[in-house]
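Since the structure comes first, as C-alpha cells, the remarks are kept for the end.
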Amino acid sequence: LPELEMSKQSHFISNKSENTSKTNLNHPVKGQDMNLNGKGQVQIIKHPVESNNTYLTKDTGMHKVLTLDETMSPRDPKAPGQFGHAAEVPKGKETEASQRWKEGNFNVYLSDLIPLDRAIDDTRPKGCSEQVVHNDLPTTSIIMCFVDEVWSTLQRSVHSVLNRSPPHLLKEIILVDDFSTKAYLKHYLDKYMEKFPKVRVLHLKERYGLIRARLAGANIATGDVLTFLDSHVECNVGWLEPLLERVHLNRKKVACPVIEVISDKDMSYMTVDNYQRGIFTWPMNFGWKPIPLEVIKKNKIKESDPIRCPVMAGGLFSIDRKYFYELGTYDPGLDVWGGENMELSFKVWMCGGEIEIIPCSRVGHIFRNDNPYSFPKDRIQTVERNLVRVAEVWLDEYKDIFYGHGTHLLMRSSDVGDLTQQKELRKSLNCKTFKWYLQNVFPDLHAPTVRANGVLASVALGQCVCVQNFTITFETCDVFSKNQQFSYTWLRLIKHQNFCIAPVELKGILALQPCDNKNNNLRWLHKSLITFQPLLTDHFVVEHLSQPMCLEVDPVHKTVRVNSCDLTNRYQK
Ligand code: LR7
Ligand code: MN
C-alpha cells in the first residue's frame with residue numbers, strides 16, 4: 001500500500017457558479033448549521049450540474065466523467081484525517097479511544113474526530129479522469145443497510161455519496177436500519193437526514209439480517225439501477241458514472257468499484273493494488289487474486305480496464321434494478337451475513353450476466369477484524385448454513401469439493417431450509433451448469449470432482465487391492481486394470497464403480513456396499529503419518545473417520561480387514 005500523495009487538483013471540475021436557483025436542491029444552503037454532532041460544519045457541495053446542464057448536450061452524446069469534488073479544497077485543510085491521512089489520538093485520550101473501539105470494532109474515537117466530509121486522494125489509475133461516459137446514463141438508488149453503525153461513520157458514508165455523485169444520477173439514498181438498538185439511530189437519524197430530500201430512512205421492525213434488509217431497501221427503490229454500499233464507506237471522486245456506464249452498455253453487467261482500505265486503526269485512506277480479481281478458494285472463501293503479469297502484457301490490459309471477476313466481494317456493486325428482480329434477487333433464505341456474494345455471483349454468471357470490477361470507480365471501506373454486532377444464532381453456523389444453501393443450488397457435482405474442505409461434511413443433514421424455490425428458479429432461468437462456469441469464468445480454480453484416483457497398494461504385499469465378484473482381494477498392481485481402480489471422494493468414500501469399502505466384515509472379508517454420500521460409516525481418512533523412525537516416514541494409513549480403526553491386509557486370506565491402528569504394523573501401510 002503505497003504512501004498517499006496529495007493529488008493534483010487540475011482535472012477536478014470546480015464549482016465557480018454561484019447560481020442559487022435550483023430545482024434539484026438536495027443539499028441545504030451553504031452556511032446553514034449542519035453541525036449536529038459538534039464536529040464543525042459539513043461542507044455541502046453545489047454541483048455545476050445543478051445549475052448548468054450544458055455539458056450534457058455535446059454532439060457525441062458523451063461527456064468526460066464528472067469528478068465534482070470541491071472537497072479537494074476542504075474548508076479546513078489542517079483538520080485531522082484530511083486528504084485521507086492517518087489521524088492520531090491526542091495525548092491523554094488513549095484510554096477513551098481504546099474503550100470506544102468496541103462500538104464498531106475500529107477506531108470510533110478517530111472517526112468522530114475527522115471531518116464528515118473530508119477530502120481523500122484521487123486514487124484512480126491513469127486515464128480515468130479522461131474517460132468519457134454517456135450523457136443518458138441510468139439513475140441509481142443507493143441502498144445502505146446497517147445495524148448499529150457508528151454515527152459519524154454512517155454520516156460520512158452518506159455525505160461522500162451526496163458530495164461525490166452527480167445529482168441528476170442520484171435518485172435517492174435508502175438507509176435501511178436493520179433493527180438497531182442504538183438510541184441515536186432510533187431518534188436522531190431521521191431528523192438529521194430530513195435535511196437531505198434524497199435520503200430516505202427505512203426502519204425495520206425486526207432484525208432482517210443484511211440480505212433481507214437489502215431486499216427491503218430494493219423493494220422501495222425507484223432508480224433504474226440499484227447500487228448497494230456498506231454503511232462505513234467513503235466514495236471517491238468520479239466513482240458513480242463509471243459503474244452506471246457499464247450497466248448502461250449492457251444491463252446484465254454487474255459493476256463493482258475497487259474497494260480501497262480505510263484503516264480501522266487510524267482512519268487513513270489507502271489505495272490498493274490494481275489488476276486484482278475477486279475469486280474464491282474452497283470451501284467458498286472470498287479472496288483477491290492478481291492477474292498474472294504475463295497475461296497483462298500479452299493482452300495489453302490497462303490499469304483502467306474493467307476486470308471480469310468470478311465472484312464479487314459482496315458489499316459494493318451496481319445492478320440494473322429490473323435485472324436484479326429477473327434474477328430472483330438474493331435467495332431470501334440466507335440469514336444475517338455471508339454467502340450472499342457467492343450466491344449472486346454464481347447466479348449472475350450462470351444465468352447470462354457478468355461481474356466486473358471497474359478500476360475507475362473507487363470506494364473506501366473500513367475493514368474490521370470482527371463483526372461489531374451480534375448474530376441472532378451462532379455466527380459460524382449461520383455462515384455455513386448459508387453456504388450450504390448456495391452449494392446445494394449452484395455447485396452441481398462440484399458441491400462435494402465444498403463439503404470435503406470444511407467442517408461442512410457433518411452440516412449436510414442438518415436443516416438448511418427449503419431449497420425447492422431456488423432450484424426451480426435456476427431451472428426457469430435456464431442457467432448454465434457449474435461446469436460451464438468453471439470452464440468459462442474461473443478456469444484457474446482447482447476443482448477436481450474427486451480427491452484422488454488410482455490404485456490401493458499394500459507395501460507389505462507389494463500388491464494392489466482388486467475387486468472380483470464383489471470380493472476384495474489382491475493381485476499384481478496394474479494401473480490400467482479396471483478391477484483395481486478406486487477413487488477417493490471429497491466425502492471420503494473409497495469408491496469402486498458404485499460400490500464403497502465399508503468397515504463391516506462378512507465372513508472375515510471386508511464388505512463392499514452401495515455408495516451413499518450420507519452414510520458416515522463409509523468415510524475413511526487417508527492419513528500420512530510422519531514419524532522419526534526412518535522406515536516409517538510417509539506411512540500412509542486408511543483410518544475410519546469415526547472409529548479408530550485402520551484398513552489392514554490379511555496376508556493369509558489375501559484380503560483386507562479392519563483392525564486397531566498401529567503405527568508399526570506394515571500391513572496397515
Ligand atoms: O444483520 C446484519 N444487518 C445489517 O444491516 C448484518 C450486517 N448488516 C450491515 C452492516 O451494518 C454493514 O453495513 O450489512 C453491511 C455489511 O456488513 P459488514 O460490514 O459487517 O460486512 P463485511 O464488510 O465484513 O463483509 C463483506 O461480506 C459480507 C458478507 O455477507 C457482505 O457482503 C458485506 O457487504 C461485505 N463487504 C464488502 O464487500 C466490503 C469489502 C470486504 C471485502 C473483501
Ligand atoms: Mn463492511
Side-chain angles (χ1 to χ4, degrees), residues 103-106 111 142-151 153-158 161 173-182 185 189 201-204 206-218 226-235 254-264 270 272-273 276-281 284-289 309-319 330-331 334-345 355 357 362-377 379-380 382-387 389-390:
E103 288 173 30
N105 282 346
F106 65 95
S111 172
I142 310 285
I143 299 171
M144 261 186 217
C145 49
F146 55 88
V147 53
D148 289 339
E149 186 58 82
V150 170
W151 179 227
T153 309
L154 178 62
Q155 286 176 296
R156 190 172 298 106
S157 304
V158 171
V161 173
I173 301 177
I174 298 173
L175 300 179
V176 187
D177 166 20
D178 190 9
F179 201 53
S180 295
T181 57
K182 300 271 193 274
L185 295 173
L189 173 69
V201 183
L202 177 64
H203 294 283
L204 300 175
E206 58 181 321
R207 178 83 176 272
Y208 276 32
L210 107 91
I211 294 114
R212 289 188 289 266
R214 278 186 193 157
L215 295 180
L226 305 174
T227 299
F228 294 97
L229 295 177
D230 275 11
S231 50
H232 32 264
V233 298
E234 284 171 77
C235 300
V254 176
C256 309
V258 169
I259 305 170
E260 304 206 280
V261 179
I262 302 171
S263 161
D264 56 343
M270 295 174 281
V272 295
D273 288 337
Q276 301 287 323
R277 291 152 76 222
I279 55 111
F280 71 90
T281 53
M284 280 200 263
N285 294 324
F286 176 81
W288 306 102
K289 189 177 175 184
C309 292
V311 291
M312 63 159 99
L316 295 70
F317 62 97
S318 291
I319 185 167
Y330 287 118
D331 167 7
L334 300 175
D335 285 332
V336 191
W337 185 96
E340 91 294 339
N341 56 329
M342 297 292 150
E343 198 238 355
L344 191 58
S345 302
I355 291 173
I357 287 180
R362 306 179 91 87
V363 177
H365 168 261
I366 304 180
F367 284 79
R368 305 171 290 198
N369 282 335
D370 201 2
N371 309 77
Y373 41 79
S374 67
F375 276 64
K377 290 181 196 144
R379 179 185 183 274
I380 293 171
T382 303
V383 178
E384 282 192 357
R385 180 186 170 280
N386 287 351
L387 290 175
R389 284 185 74 88
V390 177

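Each residue takes its place number in the sequence, starting with 1. Indexing begins at 1, ligand by ligand and atom by atom, following the structure's order. All values reported here derive from a predicted model rather than from experimental measurement.
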Does ligand 1 have an atom that lies less than 4.0 angstrom from a heavy atom of M312? no
So if I count the atoms of ligand 1 from 1 in the order they appear, which ones are less than 4.0 Å from some heavy atom of I259? 40 (C)
With respect to V161, which candidate in I142, V363, T227, V233 satisfies the side chain to side chain contact (heavy atoms under 4.5 Å, CB included) definition? I142
Out of D335, V336, I380, which residue meets the side chain to side chain contact (heavy atoms under 4.5 Å, CB included) rule with R385? D335
Need the ligand 1 atom indices (1-based, order shown) with element for anything under 4.0 Å from a heavy-atom of F146. 5 (O), 9 (C), 11 (O)
Give the residue, atom name and distance (to 0.1 Å) of the protein heavy atom nearest atom 24 (O) of ligand 1. W337 CZ2, 3.7 Å
At what distance, to the nearest 0.5 angstrom, does CE of M284 lie from OG of S345? 11.0 Å
Any N or O on R207 sitting closer than 3.5 Å to an N or O of ligand 1? yes
Mark up the atoms of ligand 1 that fall under 4.0 Å of a heavy atom belonging to L316, in ascending order. 39 (C)
For atom 29 (C) of ligand 1, tell me which residue out of R212, R214, E340 has the closest non-hydrogen atom. E340
Please check this pair: side chain of S231 against backbone of L154, looking for a donor-acceptor N/O pair closer than 3.5 Å. no
As a test of reading the structure, name the N/O/S atom of D230 that is nearest the Mn ion (ligand 2). OD2
Mind checking whether Y330 and F317 have parallel, tilted or perpendicular rings, split at 30° and 60°? perpendicular
May I ask whether F367 places a heavy atom under 4.0 Å from ligand 1? yes
Honestly, for R368 the part within reach of ligand 1 (heavy atoms, under 4.0 Å) is side chain
Does V336 reach ligand 1, in the sense of a heavy atom lying below 4.0 Å from it? yes
Give yes or no for whether the N/O distance cutoff of 3.5 Å, strictly under, is met between G338 and ligand 1. yes
H232 to ligand 1, any heavy atom closer than 4.0 Å: yes
Counting distance only, does the side-chain N/O of N386 pair as donor-acceptor with the main-chain N or O of L334 below 3.5 Å? no
Can you measure from CG (D178) to CD (E206) and round to the nearest 0.5 angstrom? 9.5 Å
Working for side chain to side chain contact (heavy atoms under 4.5 Å, CB included), residues V176 and Y208: CA-CA 10 Å; V176 187; Y208 276 32; over 6 Å; no
Between V272 and W288, is a side chain to side chain contact (heavy atoms under 4.5 Å, CB included) present by the stated rule, with each step listed? CA-CA 11 Å; V272 295; W288 306 102; over 6 Å; no
Closest protein heavy atom (residue, atom, distance) for atom 36 (N) of ligand 1: D230 OD2, 3.1 Å
With heavy atoms only and a cut-off of under 4.0 Å, state how N341 meets ligand 1: side chain, backbone, both or neither. neither
First locate atom SG of C309, then atom CZ of F286, and finally report the distance between them rounded to the nearest 0.5 Å. 7.5 Å
Quick one: does ligand 1 sit under 4.0 Å from the side chain of Y208, the backbone, both or neither, non-hydrogen atoms only? neither
List every atom of ligand 1 that sits less than 4.0 Å from any heavy atom of F286, numbering the atoms from 1 in the order shown and giving each element. 43 (C)
Looking at R379 and N371, would you say the former's side chain and the latter's main chain have a donor-acceptor pair under 3.5 Å? no
Metal-centred angle, the Mn ion (ligand 2) as apex - NE2 of H365, NE2 of H232, 10° resolution: 90°
Residue part near ligand 1, for L210, under 4.0 Å between non-hydrogen atoms: both
Looking only at protein heavy atoms, what sits closest to atom 20 (O) of ligand 1 is Y373 OH, 2.5 Å
re atom 3 (N) of ligand 1, the protein heavy-atom contact at minimum distance is D178 OD2, 2.7 Å
